[in-house]
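Written below as structure tokens is the structure these notes are about.
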Amino acid sequence: MNNVISLVDGDQATIIDDQWLLFNKADVDDYLLEETKRSLDHVILPLECCLAENNSLPVDNVTAVSISNDTEISLLKPWLDQLSLIVLDFPKFTDGRAYTQAVELRRHYGWQGDIRANGDVLRDQLSHMHRCGFTSFAIREDKDAHQVIKGLAGISILYANSTLEPEPLFRRRLT
Amino acid sequence: MYQYDSYDKELVSQRVEQFADQLQRRLSNELTEEEFLPLRLQNGIYLQKHAYMMRVAIPYGTLSPKQLLTLADIADEFDKGYGHFTTRQNIQFNWVELERVPEILQRLADVEMHAIQTSGNCIRNVTTEAFAGISADEVVDPRPMAEILRQWSTFNPEFLFLPRKFKIAVSSTTQDRAAVRTHDVGVYLHKSPLSSELKAQIMVGGGLGRTPFISKELKADLAWQDILSYLEAVLRVYNRHGRRDNKYKARIKILVNALGIDAFAEEVDKEWQLLKSGPAQLTQVEYDRVAQHFASQSLPAVNTHNFEQQLAANTGFAQWIKTNSHSHKNSDYLAIVISTKQGPTSPPGDMTSTDMRYIAEIANDNDFTEIRVTHEQNLVLPEVAKDKMFALWQQLSAQQLATPTVGLLTDMITCPGGDYCALANAKSIPIASAIQKQFSDLDYLHDIGEISLNISGCMNACAHHHIANIGILGVDKKGEEWYQITVGGQQGKQAKIGKSLGRAVEAAAIPDVIEQLISVYLSHRYEQETFINTVNRLGLKPFKDRVYNNVEVTV
């Protein structure tokens, strides 16, 4: 994927074009036709393709999935151990369901891999995503990631507990 | 009242910078209007008919005199010399230049105020009783919990892009003067009769607008320590499942009614089991830290002899005390309501900078530390000693701020309506003005007694017309402004949605229609019976017959 801001390696955010290939369902169908090089290295599969019955994909080797923002996180449960990347979708930046999905993955399932925001991913929402547990951000293609990265800073004070800081401010407040 | 510490100050100060930067990027076209819109809404900035409007948060309606003076300055320097108090106990400025918003935010930050989350699809300003902390009938002061909720909801990152706006109100009195049951979530604080532990009854799914609902009970006896984790669970279920395909069906009330309250409660409980007793659990230390800001001062005893004499001797004063005062738990004191509805020329909720300053100075001179905003769009001086009352009345009267009509027919709640609002179908302010003209006789108003009349310019119901005894709703009929009348709504613990009287009427007919409704009431009421009780006893028929068929009905 291109235009990605990543926090995966330490706290320092970096801008990368990485090797992950994000497949939609049609891509997967095309890919299946090319029997010879059926490897899932660096392929992000839509979860629905992994769940399909009579699957001819070597789903045991899948390491990255993408899900729509109305997917129940519990469907991911059997796969969590083998995954290293989960891509959550923001079809519009005003549709905030993926914030809750990230929180669930981190806090209810304790999942430690890379959670990537994809879609309408913009500067002014980056710090909120980060606080909910996202660790990489595939920035919308028309936006300059070098500008967008500034959005990670956000406002430094948050009262409530979050994925990033599980203790609410009232438990940390210096009096 | 709550005083900011270094964290609170840092937050609002960073917010000023953040918004200034966002605005700069909008002005340079780095941000499109579509991208900027939710950012400015989360800062209370709407584009209205003629200009930008800015809504400033007044958390649970509490202002210091210094803050009110700042609002007066803002009204003069950035607006046309007035502001509009809203039903969320906030204030709106109607003529703001977008480019100057960061300056306004800085002025606000300097006096510990902001405009965070006063609009947008996020958790809005938390409201509570305007008489909090002084009412004899309250179980506990609701403001510490309201402040704790304000902090928790501020920039809570998971809940900034909800399906729709989300409003929370807190009440702790037997009456409920905070319209709790028309909120997305309502919190009734109460004490367990056995242990006297503080508990919360959580209500969910109230709301007005196109599809009005009175909220339902979600949880009867939640321990106070669990409020944040429980509300987190409610919001998470809503964020996950609330509808996003149709903005008129996106409020939590629609989800609650689609699932049914039991299934919704089950979802919330499932989520809450994963959160309860976690780090969000409130501590006594935190509750006490916040509550000490609201601790009541010991009030000196007052000789009330002169007050009693003045009451007996001066009918104008007595009339004002009767309508515009509210009892204080210390009987030497009263809370005083200052109506913004001074007559046909003062739109409900509007206040000039001159009046704001006048009130702030009275507060300063008398060492009043705070001024409240009521959801009925009036101001309150919450703690006035009875021996100072007559002088206060004279001072307020000198500035036409002692209109003795609080709780009466002309104490209307009114939205800005078609004069300002881009959403409105019809104007509200001229209707309020016409009603003021028709009912200008004080004795008549006092004879009619307690009644609520609310006017909304469209279905969004900003003036809560559904829960007024008489509701007026502006509708569009082929480009013309018409008005639908509802009767029988009421607020409080037993809140009810009013019923439509019949076909819509023209603007010019409204004062007469109100007059007819009142005449039915006056001719059929029992002694001491209020308008709403007469309506509840008789039903709508005699009122309908009178208005639409001009039939006098004998019951």
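To find a chain, count down the sequence lines: A is the first, B the second, and so on, and within it residues start at 1.
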Flag the pair B:R25 and A:D124 as a salt bridge only when some basic side-chain nitrogen lies within less than 4.0 angstrom of an acidic carboxylate oxygen. yes
When the 4.5 angstrom heavy-atom criterion is applied to A:S156 and chain B, the contacting part is both
Could you check whether any side-chain heavy atom of A:F170 comes within less than 4.5 Å of a side-chain heavy atom of B:V285, counting everything from C-beta outward? no
Measure the spacing between CG of B:N239 and CZ of A:R97 and express it to the nearest 0.5 Å. 8.5 Å
Could you tell me whether B:E266 atom CD has more than 12 heavy atoms of other residues or ligands within 6.0 Å of it? no
Over 12 non-hydrogen atoms of neighbours within 6.0 angstrom of CD in A:Q19: no
At a heavy-atom separation under 4.5 Å, does A:R140 approach chain B through its side chain, its backbone, both, or neither? side chain
For a 4.5 angstrom cut-off between non-hydrogen side-chain atoms, does A:R123 reach B:E35? no
Please state whether the side chain, the backbone, both or neither of B:Q42 comes within less than 4.5 Å of a heavy atom of chain A. neither
Most contacts with chain B, counted as non-hydrogen pairs under 4.5 angstrom, among A:R131, A:E104, A:H130: A:E104
Would you say the side-chain atoms of A:R107 pair up with the backbone N or O of B:L274, donor to acceptor, closer than 3.5 Å? no
Inter-residue atom distance B:F155.CZ - A:S162.OG, 0.5 Å rounding: 14.5 Å
Heavy-atom distance under 4.5 Å between the side chains of B:P157 and A:S127, does that happen here? no
Students often mix this up, so state it plainly: with edges at 30° and 60°, are the rings of B:F161 and A:H128 parallel, tilted or perpendicular? tilted
Max heavy-atom pairs within cutoff under 4.5 Å with chain B, candidates A:L122, A:N161, A:D95, goes to A:D95
Within 6.0 angstrom of A:Q12 CD, more than 12 heavy atoms from elsewhere: no
Count the heavy-atom pairs under 4.5 Å between each of B:E17, B:H241, B:E34 and chain A, then report the option with the highest count. B:E34
Which bit of B:L228 is near chain A, if near means a heavy-atom gap under 4.5 Å: side chain, backbone, both or neither? side chain
From CA spacing to verdict: side chain to side chain donor-acceptor pair (under 3.5 Å), B:D8, A:Y159: CA-CA 9 Å; B:D8 307 306; A:Y159 296 108; 2.4 Å; yes
Tell me, side chain or backbone of B:Q273 under 4.5 Å from chain A's heavy atoms, or both, or neither? neither
Under 3.5 Å, side chain of B:Q14 to main-chain N/O of A:I157, donor-acceptor pair present? no
Any chance you could measure B:L160, atom CG, to A:C132, atom SG, to the nearest 0.5 Å? 8.5 Å
Among B:E158, B:R236, B:R240, which residue satisfies the side chain to side chain donor-acceptor pair (under 3.5 Å) criterion with A:T100? B:E158
So do the side chains of A:I155 and B:L11 get within less than 4.5 Å of each other, counting heavy atoms only? yes
When rounded to the nearest 0.5 angstrom, what is the spacing between CG in A:L169 and CD in B:E286? 7.5 Å
If you take all heavy atoms of A:R173 and B:Y7, which pair is closest and at what distance? CG-CE1, 3.4 Å
Could you state the interatomic distance from OG1 (A:T94) to CG (B:L37), rounded to the nearest 0.5 Å? 9.5 Å
Could you go step by step and tell me if B:R244 and A:K92 meet the side-chain contact (heavy atoms from CB on, under 4.5 Å) rule? CA-CA 11 Å; B:R244 292 176 189 261; A:K92 294 292 297 171; over 6 Å; no
In short, B:E30 meets A:K143 closest at the heavy-atom pair O-NZ, 3.3 Å
Between the CD atom in A:Q125 and the CG atom in B:L39, the distance rounded to the nearest 0.5 Å is 6.0 Å
Quick check on A:Q112: does its CD atom have over 12 non-hydrogen neighbours (other residues, nucleotides or ligands) under 6.0 Å away? no
Counting only non-hydrogen atoms closer than 4.5 Å, does A:Q101 touch chain B with its backbone (N, CA, C, O), its side chain (CB onward), both, or neither? neither
